[in-house]
There are 2 protein chains.
Amino acid sequence: MTEKKARGAQAGDGAERPALPATSWAVLGLLSFGEELSGYDLKKWSDWSLRFFYWSPSFSQIYGELKRLEKVGYVTSRMVAQETGNRDKRVYVITDEGLAAVRHWAREAPVEPPVLKHGVMLRLWLGHLLEADRMREVLGRHREYAETMRHRAEVDAAGARAEAAWAYPSLVLKWSERYYASERDLADAMLADLDELAAAEDAGAAGDAERKRP
Amino acid sequence: MTEKKARGAQAGDGAERPALPATSWAVLGLLSFGEELSGYDLKKWSDWSLRFFYWSPSFSQIYGELKRLEKVGYVTSRMVAQETGNRDKRVYVITDEGLAAVRHWAREAPVEPPVLKHGVMLRLWLGHLLEADRMREVLGRHREYAETMRHRAEVDAAGARAEAAWAYPSLVLKWSERYYASERDLADAMLADLDELAAAEDAGAAGDAERKRP
DNA sequence: CTAGACATATTCCTATTAGAAATAGTCTCC
DNA sequence: GGAGACTATTTCTAATAGGAATATGTCTAG
């Protein structure tokens with residue numbers, strides 16, 4: 001009894017809304033704070049705010065989304081000529097419909113599992129293809145990355161804490177800080193596991209080695 | 001001085017190797033354990049083994065990859081007629097070239113940051129659009145998911161521990177178990193933060209409320 | 001004063017990735 | 001003997017990633 005295509009699915013609150021992909025909601029979400037922003041602004045904004053927990057959309061995606069969102073009436077745009085040098089730009093604002101739509105999405109969308117693509121773990125999973133030292137090196141680099149991200153989240157969280165308007169972004173930054181701290185600790189734990197594994201292998205191979213090297 | 005296109009980049013060990021996307025390496029990695037597998041097998045395999053830390057490729061991707069890998073000579077295939085019912089299938093094995101290529105990838109590829117797309121955090125970041133109760137509900141569901149995954153990883157890790165051949169996959173399962181435990185704890189910590197935030201808001205709004213309600 | 005680096009602003013192009021659906025054969029259970 | 005489930009693969013479409021191209025303007029070093 002599954003609908004053939006749930007495009008333009010209605011919502012339970014009566015309003016007919018087009019089905020949109022995740023990125024659309026991210027862009028609309030950025031605009032839901034009420035500011036008038038250009039595509040370029042949005043890119044920078046998302047790079048700075050979403051990077052800790054959500055992959056940043058590319059320019060092409062953002063500009064594409066904005067066109068789509070305008071077509072369905074969730075945002076409107078106007079051109080602005082810039083006083084201080086710089087090229088003219090098109091700025092976008094969210095409409096009441098758009099605000100209702102993101103709000104509905106934030107409230108009613110099903111809770112979906114996070115997407116994780118952990119290249120480092122994929123490589124370690126293929127441990128039979130690497131030397132132990134190289135594994136440690138890869139893990140060490142990853143640990144560094146996690147600590148860098150943790151530190152950035154910490155700094156940003158400190159900056160956001162003051163403003164009452166950033167209460168929720170602030171909360172998520174705190175989460176991010178802990179997330180990357182955990183990622184770092186997980187790397188450390190795995191380094192310890194690797195040492196243990198190596199020790200066990202050495203113990204097992206000791207007899208072999210003696211037989212090979214006189 | 002960046003190369004225009006590094007397709008077919010050479011490696012430092014002399015061998016010319018075509019540049020492949022991540023999924024190719026995942027598929028080739030699955031085959032690097034030496035078994036002869038069909039596309040269908042690979043899909044199930046990856047669903048069971050990579051799901052904890054690496055998004056599983058779809059059927060279409062796997063079959064596509066296999067064709068590409070065969071074209072570049074990293075795998076070879078043959079048809080097998082199945083005795084016990086079932087349709088004939090095409091099974092793939094890794095070649096020496098292919099093994100050298102994954103090994104090279106596992107050893108030399110740059111360490112890249114994991115990709116995380118955390119829809120739940122995106123929604124909480126937009127906390128100004130949700131009621132506090134709904135936020136708690138979403139977070140609670142996510143906590144459940146994390147605990148389920150942790151438990152699955154625990155079970156799989158217990159199963160893999162025995163076999164010496166699974167030493168590295170086993171290590172990564174252990175990591176996964178800890179990762180999901182941490183994800184669960186992070187959800188709990190955030191629930192506590194939400195309570196704290198609500199308490200602070202109530203305290204701040206107490207004066208207002210008195211003025212409003214006689 | 002000018003070449004080059006840098007920042008804003010947007011578009012174009014292409015490959016990768018995701019995922020649903022179509023197709024097809026065999027098996028089992030009722 | 002038909003419904004549903006499992007194996008097995010292909011096809012199609014949309015979403016996503018990301019580099020390159022194209023403008024335009026500022027600022028700085030030589």
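Lettering of chains follows the sequences in order, A, B, ..., and the numbering in each one begins at 1.
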Rounded to whole Å, CD1 of Ile62(A) lies from P of dG18(D) at a distance of 13 Å
Among dT9(D), dT10(C), dG19(C), which is the nearest nucleotide to the side chain of Ser38(B)? dT9(D)
How would you label the contact of Ser60(A) with the nucleic acid (heavy atoms, under 4.0 Å): base, sugar-phosphate, or nothing? base
In whole Å, I'd like the distance from the OH atom of Tyr40(B) to the P atom of dT23(C). 19 Å
Is the phosphate of dA9(C), meaning OP1 or OP2, less than 4.0 Å from a side-chain N or O of Lys44(A)? no
Can we say Arg178(A) and Asp185(A) salt-bridge, meaning some charged N sits less than 4.0 Å from an Asp/Glu carboxylate O? no
Please give, in whole Å, the distance from dA18(C) P to Tyr63(B) OH? 17 Å
Give a yes or no on whether a salt bridge exists between Glu147(A) and Arg150(A), defined as a side-chain N under 4.0 angstrom from a carboxylate O. yes
The side chain of Arg90(B) is closest to which nucleotide in this list: dT9(D), dG18(D), dT17(C)? dT9(D)
The nucleotide from dA9(C), dT16(D), dT10(D) with an atom nearest the side chain of Pro21(A) is dT16(D)
Just how far, in rounded Å, is P of dT16(D) from CZ of Arg68(A)? 8 Å
Taking the six-membered ring for Trp, are Trp166(A) and His128(B) ring centroids under 6.0 Å apart? no
Taking CE from Met79(A) and C1' from dT24(D), how many angstroms apart are they, rounded to a whole number? 13 Å
Of the candidate nucleotides dG19(C), dT17(C), dA8(D), which contains the atom at the shortest distance from the side chain of Asp41(B)? dA8(D)
Spacing of Glu112(B) atom CD relative to dT16(C) atom P, expressed in whole Å: 14 Å
Measure from the ring center of Trp125(B) to the ring center of Phe52(A) and say whether it is less than 6.0 Å. no
Whole angstrom is fine here: how far is it from CG in Asp88(A) over to C1' in dG25(D)? 12 Å
Worked verdict on Glu177(B) versus Lys174(B) for salt bridge (Lys or Arg N to Asp or Glu O under 4.0 Å): CA-CA 5 Å; Glu177(B) 195 186 328; Lys174(B) 212 162 163 185; over 6 Å; no
By nearest-nucleotide position on DNA chain C, the 5'-leaning member of Glu65(B) and Phe59(B) is Glu65(B)
Expressed as a whole number of angstroms, how long is the span from Glu36(A):CD to dA9(C):P? 13 Å
Can you check whether Gln61(A) has a side-chain N or O nearer than 4.0 Å to OP1 or OP2 of dA17(D)? yes
Lys117(A), nearest nucleotide to its side chain (from dA8(D), dT17(C), dA7(C)): dT17(C)
Which is more 5' along DNA chain D, the nucleotide nearest Trp55(A) or the one nearest Lys89(B)? Just name the residue. Lys89(B)
